[in-house]
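Have a look at the structure below, then the notes.
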Amino acid sequence: MEITKEEKDLAEKLKFWEEQDQINQALIPRVIKNHEMITDLTKQLDQNFKAVVLLEEKIEELNKKIDVNQNNGNEDNNEKKFDLLSFIGVIIAITISLVGIFV
């Protein structure tokens, strides 16, 4: 019994779709995992941005206190400046971590 051209074409199409199904079976879980990772990173990024905003507000508050203390001749300025530098260091660390997320 000889195989007709139509049967050959149908067998080739069937083989193609079976291969496509195998590829899809391998890729779909990866795509879902990547989507979940991107969603998690987006949430982390949002939290980091909120933390940066809070730190910026704290820095502004400390700057105002430093200005008031300088105007009043308060000797605690060095401690306040140290606090300010500490917060600036934290902001730099958060910024580096944000860059690390996207690398």
Side-chain angles (χ1 to χ4, degrees):
M1 191 162 195
E2 193 174 311
I3 298 176
T4 66
K5 181 174 178 5
E6 289 178 1
E7 291 173 336
K8 205 179 223 184
D9 289 342
L10 184 60
E12 287 176 10
K13 287 180 184 179
L14 180 62
K15 183 178 178 182
F16 170 80
W17 287 111
E18 287 174 347
E19 290 172 355
Q20 283 297 123
D21 186 51
Q22 289 176 349
I23 292 169
N24 288 342
Q25 294 297 325
L27 287 179
I28 289 173
R30 292 180 190 170
V31 170
I32 291 171
K33 183 179 178 184
N34 285 341
H35 172 72
E36 291 170 351
M37 288 172 52
I38 290 170
T39 301
D40 290 343
L41 288 173
T42 302
K43 288 177 186 176
Q44 289 176 6
L45 183 62
D46 186 49
Q47 291 171 351
N48 287 343
F49 281 137
K50 289 177 183 177
V52 168
V53 168
L54 292 174
L55 289 171
E56 286 175 344
E57 290 172 359
K58 185 67 174 178
I59 287 173
E60 288 178 27
E61 177 186 327
L62 290 173
N63 278 334
K64 288 178 185 177
K65 287 181 180 180
I66 288 172
D67 290 341
V68 167
N69 288 335
Q70 284 177 343
N71 292 335
N72 292 335
N74 192 337
E75 295 181 3
D76 291 333
N77 286 341
N78 288 338
E79 186 176 323
K80 301 292 182 182
K81 287 180 183 177
F82 180 76
D83 287 345
L84 177 62
L85 290 174
S86 296
F87 278 106
I88 291 172
V90 170
I91 286 180
I92 291 171
I94 288 175
T95 304
I96 291 170
S97 70
L98 291 174
V99 170
I101 287 173
F102 293 107
V103 172

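Remember, predicted model here, so these are calculated numbers, not experimental data.
For the atom pair CG (Leu54) and CD1 (Ile91), the distance works out to 10.0 Å, reported to the nearest 0.5 Å. Here the CD-CG distance, from Gln20 to Leu27, works out to 9.5 Å after rounding to the nearest 0.5 Å. Note that CD of Gln47 and CG of Leu45 are 10.0 Å apart. Values are rounded to the nearest 0.5 Å. One distance of note links CD of Glu36 with CD1 of Ile32; it measures 7.0 Å at 0.5 Å rounding. Atom-to-atom distance recorded for Asn63:CG and Glu56:CD is 11.5 Å, nearest 0.5 angstrom. For the atom pair CG (Asp9) and CG (Leu14), the distance works out to 12.5 Å, reported to the nearest 0.5 Å.
Take Lys50 and apply the side-chain hydrogen bond (donor to acceptor under 3.5 Å, both in side chains) test, not counting sequence neighbours, and it matches Asp46. Taking the salt bridge (Lys or Arg N to Asp or Glu O under 4.0 Å) definition, one finds that Lys43 meets it with nothing, sequence neighbours left out.
Looking at Glu7, its side chain does come within 3.5 Å of a backbone N or O of Thr4 through a donor-acceptor pair.
Using a 4.5 Å heavy-atom threshold, the side chains of Val53 and Phe49 count as separate. No side-chain heavy atom of Ile88 sits less than 4.5 Å from a side-chain heavy atom of Leu55.
Scanning both residues, Asn24 and Pro29, for their nearest heavy atoms gives O-CD, 4.3 Å.
Linking ILVMFWY residues whenever their side-chain heavy atoms come closer than 4.5 Å, directly or via other members, places Val52 and Ile92 in the same cluster.
The pair Lys64-Glu61 fails the salt-bridge criterion, with no side-chain N (NZ, NE, NH1 or NH2) lying under 4.0 Å from an Asp/Glu carboxylate O.
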